[in-house]
Amino acid sequence: MRNPKREFSLISTGQRVRPSGRLWNPSADVYRSTEGWVVKVDLAGICSDDLEIEIRGSILSIRGCRRDTLYREGFVYHQMEITYSRFEKAIQFPTAIEGASIAHDYTDGFLIINLRS
């Protein structure tokens, strides 16, 4: 039976598609190393220029937006399962990381952040 209250990540308005405004929550892995921390975030489809990385106290915040770059005027979707929206990911560390050096790389849909004390 169909669920009429089911949330969709995109809303159809005639032939147009627009983001729902719902936040996307990407998955992340956090590793402790002898040199600091390594954070791996699954961000397929993100333009690296649209990423914001911020450290405050013991919280690492990552923000950005995944946009549908394939959609064109005249397209009518049949099925859409990928969430296109802005996102905010906050990762709490057990100790302060403010002042740590940050190096990051975005490859194959993964953002890898190295935090060194």
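Heavy atoms only: backbone and side chains are in, while hydrogens, waters and symmetry mates are out.
Residue Ser27 holds its OG atom at 7.0 Å from CG of Asn25, rounded to the nearest 0.5 Å. To the nearest 0.5 Å, atoms CG (Asn114) and CD1 (Ile102) are separated by 10.5 Å.
One N or O on the side chain of Tyr106 and one on the backbone of Leu43 form a donor-acceptor pair closer than 3.5 Å.
Across all non-hydrogen atoms, the minimal contact from Tyr71 to Asp68 is N-OD1, 3.3 Å. Between Arg56 and Glu98, the closest heavy-atom pair is CA-OE2, 4.1 Å. Scanning both residues, Ser58 and Gln92, for their nearest heavy atoms gives OG-NE2, 2.5 Å. Here the closest heavy-atom approach between residue Lys40 and residue Ile112 is recorded as CG-CD1, 3.4 Å. Residue Ile97 comes nearest to Ile59 through the heavy atom pair CD1-C, 4.2 Å, listed as atom of the first residue, atom of the second, then distance.
Annotation: side chain of Phe93 is in contact with side chain of Val39 (closest heavy-atom distance under 4.5 Å). The shortest side-chain heavy-atom distance between Ile46 and Leu111 does not fall under the 4.5 Å cut-off. Between His104 and Leu51 there is no side-chain heavy-atom pair separated by less than 4.5 Å. In this structure the side chain of Asp42 reaches within 4.5 angstrom of the side chain of Phe110, judged on heavy atoms. With a 4.5 Å cut-off on side-chain heavy atoms, Val30 and Leu60 do not count as touching. Side-chain contact between Trp37 and Arg32 is present, with at least one heavy-atom pair separated by less than 4.5 Å.
Under the 4.5 Å side-chain heavy-atom criterion for Ile, Leu, Val, Met, Phe, Trp and Tyr, Ile55 and Ile62 are members of the same hydrophobic cluster.
Geometrically, Arg86 does not engage Trp24 in a cation-pi contact, judged by NZ or CZ lying under 6.0 Å from the ring centre and within 45° of the ring axis.
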